[in-house]
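The next block holds one structure in the form of structure tokens; read it before the comments.
Basis for what follows: all heavy atoms, side chains included, without hydrogens, waters or symmetry-related copies.
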Amino acid sequence: MTPSPNLETTNDNNVDQEEFDNPVIDPLDELPGEVEMSLFDHLEELRQRIFYMLIAIVLAIIACFIAVKPIVQILQVPAQGVKFIQLAPGEYFFVSLKVAGYSGLVVASPFVLYQIIQFVLPGLTRRERRLLGPVVLGSSVLFATGIIFAYTLLIPAALKFLISYGADVVEQLWSLEKYFEFVLVLLFSTGLAFQIPIIQLLLGALGIVSAEKMLSGWRYVIVGSVVLGAIITPSTDPLTQGLLAGAVLALYFTGIGLVKLIGK
């Protein structure tokens with residue numbers, strides 16, 4: 001006896017309804033080991049991790065302050081031939097605090113990054129977790145590369161221009177505080193600017209922007225890199241701004257290549 005058409009239609013509808021109610025989920029989009037937490041528990045965990053990060057930063061700053069003299073001497077190397085003067089009582093002390101603060105942030109950054117990852121990790125899918133390793137490693141390497149680039153190329157180029165300009169008119173006696181404001185801002189702003197490929201990789205991996213879309217806006221990127229170079233570099237010489245703008249452009253197109261490489 002053959003089943004009636006009405007019965008077959010009913011069975012097909014049931015199957016379709018079951019597939020709708022239980023859609024096939026990509027294992028990479030699942031939350032492994034998901035543990036439900038209340039809002040209060042999330043806030044409490046956030047408070048603890050912020051507390052740990054602050055403790056680590058304070059300890060790192062104290063350690064850097066104890067060893068601040070060698071750090072100051074290293075940062076003075078690019079300004080060869082320049083004499084530094086203290087224009088106010090305690091100027092070197094406050095410069096030491098500033099240098100120790102910046103250095104402490106760098107020293108404590110791995111621990112701070114670890115705490116941030118541990119807080120957001122439970123809310124990430126398997127696909128998103130696969131990006132953590134490359135993103136963290138790439139971000140750290142690029143930040144260090146940016147600092148080295150600024151220390152070895154940008155700062156010497158800027159100082160050479162500033163020293164040679166008017167060298168036969170004025171004697172080079174520089175304020176210690178002003179010099180270190182110049183150096184520290186340039187170092188860390190360049191390190192942050194070198195994060196461009198990581199941002200592009202994240203946007204591409206999450207499907208927000210494709211490589212073709214990034215490439216289509218190259219005209220705006222050129223203008224933006226020039227503006228960014230003018231903003232980040234404390235000096236006004238075109239050589240320093242051109243070096244940084246060129247580095248930003250190279251990083252941007254490198255990011256496009258990385259996005260293209262992952263098939264986005």
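- The OG1 atom of Thr254 sits 10.5 Å away from the CG atom of Leu249 when rounded to the nearest 0.5 Å.
- What you find for Gly204 and Met214 is that their closest heavy atoms are N-CE, 4.3 Å.
- Using a 4.5 Å cut-off between side-chain heavy atoms of Ile, Leu, Val, Met, Phe, Trp and Tyr, with links allowed through other members, Val185 and Leu97 fall into different hydrophobic clusters.
- Both Leu215 and Ile196 are members of a single hydrophobic cluster when ILVMFWY side chains are connected at heavy-atom separations under 4.5 Å.
- Checked options Ile74, Val183, Leu184; the residue passing with Val99 is Leu184 (criterion: side chain to side chain contact (heavy atoms under 4.5 Å, CB included)).
- Across Val259 and Ser210, no two heavy atoms sit closer than the pair CG1-C, 4.5 Å.
- Scanning both residues, Val95 and Glu177, for their nearest heavy atoms gives CG2-CA, 3.6 Å.
- With sequence neighbours left out, the ring pair (Phe, Tyr, Trp, His ring centres under 6.0 Å) criterion links Tyr151 to no other residue.
- No continuous path of ILVMFWY side-chain contacts below 4.5 Å connects Val141 to Val136, so the two sit in separate hydrophobic clusters.
- Note that CZ of Phe143 is 13.0 Å distant from CD1 of Ile198, once rounded to the nearest 0.5 Å.
- Leu258 approaches Pro197 most closely through the heavy-atom pair CD1-CB, 4.4 Å.
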Side chains of residues 56-65: which donor-acceptor partners sit under 3.5 Å, not counting sequence neighbours?
none

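- Follow the hydrophobic side-chain contacts under 4.5 Å out from Ile155 and you reach Val77 in the same cluster.
- Transitive grouping of hydrophobic side chains (ILVMFWY, heavy atoms separated by less than 4.5 Å) brings Ile147 and Leu159 into a common cluster.
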Atom pairs and distances, side-chain donor-acceptor, residues 106-122, under 3.5 Å, sequence neighbours left out:
| residue | atom | partner | partner atom | Å |
| --- | --- | --- | --- | --- |
| Ser109 | OG | Val106 | O | 2.6 |
| Gln115 | OE1 | Arg49 | NH1 | 2.8 |

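- The nearest pair of heavy atoms linking Leu176 to Glu91 is N-OE2, 3.4 Å.
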* side chain to side chain contact (heavy atoms under 4.5 Å, CB included) between Phe93 and Gln86: does it pass, once the steps are laid out? -> CA-CA 10 Å; Phe93 173 75; Gln86 184 171 250; over 6 Å; no

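- Heavy atoms only, all atoms of each residue included: Phe180 and Gln76 are closest at CZ-CG, 3.9 Å.
- Distance check: Phe149 CZ to Leu186 CG gives 9.5 Å after rounding to the nearest 0.5 Å.
- Classification of the Trp174-Phe84 ring pair by plane angle, with boundaries at 30° and 60°, yields perpendicular.
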